[in-house]
Amino acid sequence: MNDFQVDLDRFAANLAVIAARIAPAAHMLVVKDDAYAHGLEPIVMRAWSEGVRWFGAFDVATGQAVRAALGPDARIFVWLVAGSDDAAAAVAAGLDIGVGDAHLLEHVADVAADANVLARVHLKVDSGLHRNGVRPEQWRDVIARVAELEKRGVVQAVGIWSHIGEASDADDDDARQIFETAVDQARTAGLAPEVLHLAASAASFERPEFRYDMARIGAYAYGIRPAGGPAEDSLEVEPIGALTTSVLRVDPSGVTIDLGSLDGLPSSLAGRMRVHASTGQPTVLAIGPTTSMLEPWPGAAAGDPIVVFGGAGAPTATDLAESIGSIGEEIVLRVSPLIRRSYR
Amino acid sequence: MGDPDSLVGVTASALDGAPARRLSAPVARISHAALRQNVASLLATAPGDTIADLRRDALGHGVADVAATVLDAGIDAVLIDPEAAVHLRVDPHRIRTNGLPSLGAHELLGLPRHGVLAGTAVMSLRGRVVSTKRLLAGEGVSYGYTYRAPADTRIALVTGGYAQGIARALGNRVVVSIAGTPHPIIGRVAMDVCVVDIGDADVADADEVVYFGDDVTPLSAWEHATGLVADELVTMIGLRAEREQIR
């Protein structure tokens, strides 16, 4: 039986490390994509009981699910809102909405006016990543419009935020300067944001000046270290998810396990990874669609448990990712949703 | 000009009060016309009993829907994962949960094998434009700034990232199509979005973006760019993206 085992006590320990490391900044726990494939509800419930109060949901459907799990007091941030219907659903669920586009600002204002509620928005300046976010030369126009909408009582700019590119410290310093300028301009225009947030996992740990009031952290909470970056032990976080399977049969040529590329193990890892068996770390020789072949070892038997990644003695998701030019998050997120999640 | 509130493509279940589709996620569209066409070709040449391989949720295409169509089109039986059997409303005598299939998934679902397409592609993947903006010469795009604009241009932020199986290795390597015209994905594919260079094309918010499945965007290009094979690519996409069955 294949299983993705999530250790919630280890998750709580990671949350404590993060809280201590970034204090007094708050931790927004990023839970998009089913809490990085770890299962949304168990993760947000445990995080809430550990004192996390901000949740980064990304999309409105996830935000609604967090609201349903945690009730009215959780602060839930969404930052990809696609048009008016999506904006109306976000407002109805009391979500904090990331706005990085003048069109979206108008959609949010319209639906808030229709619903006769005040929409909480976090304005995003494009500090160089060039995804979502208002370009700096258009920022003054947007904040002027926000100031008008605040006077009308339809939106409140509770936050200002951005994403950094992490191409180099110098590039990130440039991004932070753009962010600071944007915040100054917003305050001059009469806005009074309560929460400034710029950093995600890596910058929040390494660069204190990027923390501001809050850091949006997903990867480190799940114990996923950055590819090519610092090791788990220096970060003091540990992987909380372990992908496990078992031996199906043993032949002279190899040991077949019950997990293949259709279950989310990238076929490009064949020959480039080892797994954890009770007696050692056999190499994965071939990855087929529904089964894979390991190099044989003495005493291998059908039913033997195998840890593919994430558990004691096994490689981490990031170890696997580094051998194929990827990142740990992608390895974890490829674990098939058809595989059972279990919690301890 | 796209209409962000358009209901085009929204399934009946979304209008019936079932959970709404995530507009923020790309949509894997399953063409049952293509599926029936592939079945017809296979039946013309396959000897004896035909057993179609629909394990792993029919490679992410949706086992319940695909099983209904292929059995109706004349396939004798379907091989599925044991856990899926409870969800199928088809004659139990035509379900197998062990043994081997006689028909591979590639020909049935129209997937490339070693770069050659077998049959007609059943799945296509579609994102939508979230916003458009200018990008000036020298400016970088997405994490690590792996792309820098050689000249002033325009870019679109598009729904879909590696969490939905749009593999991270595709950044700077493949094109998408918007209104039939190819446009490159620039910079790293992020977890839920990517950025496309649209130049001076007439592209607006909510416009459809085809990742693969039309003439401009063959899935074989994804195999080449990622080192992964078509069956694992479409399985992960079908299981993680929103899914839409077009009968």
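Because the structure is predicted, anything quoted here is derived from the model rather than measured. These numbers come from the heavy atoms of this one structure, side chains and all, not from hydrogens, waters or symmetry mates. Order of the sequence lines sets the chain letters (A, B, ...), proteins ahead of strands, with each chain counted from 1.
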Proximity breakdown for B:Gln164 and chain A, heavy-atom pairs closer than 4.5 Å: side chain
Which atom of B:Met236 lies closest to which atom of A:Gly264, heavy atoms considered: CE-CA, 3.9 Å
Separation of A:Asp126 CG from B:Arg134 CZ (nearest 0.5 Å): 11.5 Å
Which portion of B:Ala167 sits near chain A, non-hydrogen atoms under 4.5 angstrom: both
Among B:Gly60, B:Gly165, B:Gly144, residue most engaged with chain A (heavy-atom pairs, under 4.5 Å): B:Gly144
Toward chain A, the part of B:Ile186 with a non-hydrogen atom under 4.5 Å: neither
Options A:Arg334, A:Glu329, A:Glu166, ranked by heavy-atom pairs under 4.5 Å with chain B, top entry: A:Arg334
Region of A:Val335 that comes under 4.5 Å of a non-hydrogen atom in chain B: backbone
Heavy-atom pair count under 4.5 Å with chain B, highest-scoring of A:Leu129, A:Val78, A:Leu333: A:Leu129
Residue selection (most heavy-atom pairs with chain A, distance under 4.5 Å) from B:Gly227, B:Ser142, B:Ser131: B:Ser142
Option that, when pairs with chain B are counted at under 4.5 Å, heavy atom only, ranks first among A:Ser268, A:Ser261, A:Ala37, A:Ala89: A:Ser261
Top of B:Cys194, B:Ala163, B:Ala190 for chain A proximity - count of heavy-atom pairs under 4.5 angstrom: B:Ala163
pair A:Asp101-B:Val130: side-chain heavy atoms closer than 4.5 Å: no
A:Gly133 backbone acceptor or donor facing B:Lys133 side chain under 3.5 Å: yes
Donor-acceptor under 3.5 Å (B:Glu232 side chain, A:Ser267 main chain): yes
Cation-pi geometry met for A:Arg131 and B:Tyr143 (6.0 Å, 45°): yes
Pairing of B:Glu83 and A:Arg340 as salt bridge, 4.0 angstrom limit: no
Which atoms of A:Leu265 approach chain B - backbone, side chain, both or neither, heavy atom under 4.5 Å: backbone
B:Glu139 bridged to A:Arg135 by N-O distance under 4.0 Å: yes
From OG (B:Ser24) to CG (A:Asp59), nearest 0.5 Å: 3.5 Å
Region of B:Arg55 in contact with chain A, defined by heavy-atom distances below 4.5 Å: side chain
Heavy-atom neighbours of B:Glu208 CD exceed 12 at 6.0 Å: yes
Residue B:Thr146 versus chain A: region with a heavy atom under 4.5 Å: neither
Approximate separation, where rounding is to 0.5 Å, of B:Leu228 CG and A:Ile324 CD1: 7.0 Å
Top contributor to chain B interface from A:Asp263, A:Val81, A:Asp34, A:Leu104 [non-hydrogen pairs under 4.5 Å]: A:Asp263
Partner chain B: residue of A:Thr290, A:Val134, A:Ile164 with the largest heavy-atom pair count (under 4.5 Å): A:Thr290
Interchain contact, A:Ser168 with chain B, by part (heavy-atom threshold 4.5 Å): neither
Side chain, backbone, both or neither of B:Ile155 within contact of chain A (heavy atoms, under 4.5 Å): side chain
Sub-4.5 Å side-chain heavy-atom contact between B:Leu239 and A:Ser336: yes
Top contributor to chain A interface from B:Leu157, B:Thr235, B:Val129 [non-hydrogen pairs under 4.5 Å]: B:Leu157
Per-residue contact mode, A:Ile327 against chain B (heavy atom under 4.5 angstrom): both
N/O donor-acceptor pair under 3.5 Å between A:Glu330 side chain and B:Arg168 backbone: yes
Which atom of B:Tyr145 lies closest to which atom of A:Ser127, heavy atoms considered: OH-O, 4.2 Å
Chain B contact via A:Asn132 - which portion, at a heavy-atom distance below 4.5 Å: both
Interface residue of largest heavy-atom contact number with chain A, from B:Val195, B:Asp192, B:Val141, under 4.5 Å: B:Asp192
Residues A:Asp86, B:Arg128: salt bridge by 4.0 Å N-O rule: no
